[in-house]
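Each ligand, and each atom within it, is numbered from 1 in the order the structure gives. Since we're looking at a predicted model, the values are computed, not measured.
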Amino acid sequence: MPAAPAATSNGRPTEPHKSWKKVNEERKALKRQRKQEKLLKELQQAKEAEERIAEDASKPQSKANPNPSTLSIAVPGSILENAQSNELRAYVAGQIARAACIFRVNEVIVFDDVGIATARETKRSYEPEAEGSSTGTVRSSSLQLARILQYLECPQYLRKYFFPLHKDLKYSGLLNPLDTPHHLRQQSKFRYREGVIVDKKAKEGQSYANVGLLNDVLVDKAIEPGVRVTVRMDPASETSRKQRGTLVSPDEPRRETGVYWGYQVRIAHSLSEIFTKSPYDSGYDVTLGTSDRGTSIHEVPSRSYNYKHMLMVFGGLQGLESALANDEKLTVDDPELLFDHYVNVLPRQGSRTIRTEEALLIALAALQEKLQPEVADVETDLSDLLPKSEDTGVHVRRDVLVSKKQKKRKLVEEEIPETPAATETPAPKPAPKIARQTANPFSDPSEISEKTAPADIDDDFEVVSSSLVPGTKKLSGSDDDLSRFD
Ligand SMILES: C[S@@+](CC[C@H](N)C(=O)[O-])C[C@H]1O[C@@H](n2cnc3c(N)ncnc32)[C@H](O)[C@@H]1O
C-alpha cells in the first residue's frame, strides 16, 4: 500500500520524494511534448498560408484603385519632313515629346497622313516578320518620330539596353530631357522603378533587374534578359542587404500613386487606323479633331468633355482635310464628321498658320479646363520625388557639348604656373563676362563663334551619345519597341 503523503506545517500535502533521474525524465518528456506542439502549430500556420495564397490566386485580381482615364494624341509623322535639317527634324520630335509629358499624355499615336510614299520619302520596313506586307512598312518620318518619342520616354539608365546606335537618333542626345517622375535618379526614393531584366543567375522563379540603382534588384519572377519591366520595390529588409522587388503592370504606378508614368507610342498607317487599333478595349469614347476651321474653343463649356479614353487628333502641313483625302478606307469628305468635336483652339491667331508642334501646346493648354476625366488620378504629394526647376538636368547637356579645343585650352590653363606678377595683382579682377551658354544646340554657329567659341567650334563638338554602349545585345520583347525595327 503506497505511503500516505506527509503533511507540512501549513497543512498541505507534500510530493513524495523523487529521484533526480525521474525529475530529468519528466522534464525531457515535457520538452518533447512542447516541441511537438510547436511543430504542429507551425504546420497548421503553413497550411493556412498556402490556402490563403491559393484563394488569392483563384480570385479575380482586385485592384485597390480603378484605372484612371487616359489622354491620347495623334500627330502625323510627316511634320518632320517640313523641317529644314536633320537637327531640326529631331528637335520637332523633341517638342512633341515635351508637350506630351507636360500635359500628362498617356498615348502618342504617330500616323501617316500622306499614304503614298514619294521617291524622297521612302517607306521603311519596321516589322521583320511582316516583310512584303503593306502593314510592315511605314513612312521614314513616322518611324523616326516614333523612335525619338520612345527614346526620350525611356529612362536614361535603360536606353543602352533598348536603343542601339541608329541614324534616327543621331541628334537625340541633344534634345531637352523630359524630366518626368519615372526618370528616377539613383538617389531618388520611390515605390516604383522602371527596369530591365539582366543576364545574371538567380534562384529558380526569380531574376535580377537593373532599375537604375547601384545594385540589381531581385524580382519575383523568372523573365528572360532584355525585357523592360516595372518593379514595385519591397521595403528594405532588416535581415537581408539584398534589395528585392515585385514585377507589376506598367499601369500600377499611376493607378496607385497618381504619378505621371510616361506615354506609350503607337504607329498608325492611316487616319482610320488611329481609331481602329486603339489599345483600349472599348476604344476612344471622346474624339476631338483640331483645325482653324473648327468651332471656336470659347463656345465649349468648361468640364464638358467627360471621358474615359480621350483622343485628340492633329493634322500636318495640309491639315486634317488632306489626311482624310489620303485615307483609302474613310468615305466621309468632311473631317468634322469623323470626330465628336472639331475645334479651333485659337480663333484669333496672329499668324496665317499655326504649326502642328505649336498647335499641340496651344490645344493641350486651352483644352485643360474643358476636360473632365471619368476617373481622375489619385492625388499624392510628389514634391520629394520631383524636385522643381533647379533639377532639370541642363548642366548635363553642357557637359556633353564641350569642344575638344575648349577642353585642351582648359588643360593648358590649369598647367600654367602662377607668375609672380599675377599673384601680386592687388585689386580683385571683375568677374569675367561669360557669354550666356545657349541651351539650344542648333543656334547659328557663326553667331556662336563671334561671341564665345573658337572659330571651328562647329566641327569640333564632341557629342556623347547616351545610346552608345558596347556589348549590349538583347532588346525588349515588347511589340511596341521600335529599336528593333531595322
Ligand atoms: C499647319 S496646320 C494645318 C493648316 C490648316 N489651316 C488647319 O488648321 O487645318 C497643322 C495643324 O495644326 C493644328 N492647328 C493649326 N491651327 C489651329 C487652330 N487654330 N485650331 C486648332 N488646331 C489648329 C491642326 O491640327 C492642323 O491640322
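- Protein heavy atom closest to atom 18 (C) of ligand 1, with residue, atom name and distance, is N344 OD1, 3.4 Å.
- Proximity of L317 to ligand 1, defined as any heavy-atom pair under 4.0 Å, is confined to the backbone N, CA, C and O atoms.
- Under a cutoff of 6.0 Å and an axis angle of 45°, K200 and Y208 form a cation-pi pair.
- Which of T290, V343, L288 comes nearest to atom 24 (C) of ligand 1 through a heavy atom is settled by distance: it is T290.
- Geometric assessment of R293 against the ring of Y342 yields a negative cation-pi assignment under the 6.0 Å and 45° thresholds.
- With respect to the salt-bridge test (charged N to carboxylate O, under 4.0 angstrom), the residues D220 and R244 do not qualify.
- The N/O atoms of F314, backbone and side chain alike, include none that comes under 3.5 Å of an N/O atom in ligand 1.
- In this structure, R266 contributes its side chain and I274 its backbone to a donor-acceptor pair below 3.5 Å.
- Scanning all protein heavy atoms for the shortest distance to atom 11 (C) of ligand 1 gives G315 O, 3.4 Å.
- Of all the heavy atoms of E358, none lies under 4.0 Å from any atom of ligand 1, so neither backbone nor side chain is involved.
- For the side-chain hydrogen bond (donor to acceptor under 3.5 Å, both in side chains) with Q144, the qualifying choice from H166, R89, E81 is R89, the only one to do so.
- Using a 3.5 Å distance cut-off with no hydrogens or angles, the side chains of D327 and S272 do pair a donor with an acceptor.
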Residue pair S296, H298: steps toward the side-chain hydrogen bond (donor to acceptor under 3.5 Å, both in side chains) verdict: CA-CA 5 Å; S296 164; H298 304 313; 4.6 Å; no

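- Among all non-hydrogen protein atoms, the one lying nearest atom 20 (N) of ligand 1 is V345 N, 2.9 Å.
- Checked for salt-bridge contact, E299 and K370 miss the test: no charged N lies under 4.0 Å from a carboxylate O.
- Below 3.5 Å of separation, one finds no N or O of V313 facing any N or O of ligand 1.
- Of all atoms in ligand 1, listed by their number and element, those nearer than 4.0 Å to a heavy atom of A359 are 12 (O), 13 (C), 14 (N).
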Dump the intermediate steps for ring pair (Phe, Tyr, Trp, His ring centres under 6.0 Å) on Y305 and H341, then the final yes or no. CA-CA 9 Å; Y305 297 153; H341 309 279; 4.3 Å; yes

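- Counting heavy atoms closer than 4.0 Å to ligand 1, residue S291 contributes atoms from both its backbone and its side chain.
- Regarding atom 7 (C) of ligand 1, its nearest protein heavy-atom neighbour is D292 OD1, 3.4 Å.
- Ranking protein heavy atoms by distance to atom 15 (C) of ligand 1, first place goes to I354 O, 3.4 Å.
- Taking distance alone, with nitrogen or oxygen atoms compared against 3.5 Å, R355 stays at or beyond that limit from ligand 1.
- The closest heavy-atom contact to atom 1 (C) of ligand 1, among the options T356, L320, V75, T353, comes from T353.
- From the protein, the heavy atom lying nearest to atom 3 (C) of ligand 1 is G316 O, 3.4 Å.
- Each of D199, V198, V196 was scored for a side-chain contact (heavy atoms from CB on, under 4.5 Å) with P225, with one residue passing: D199.
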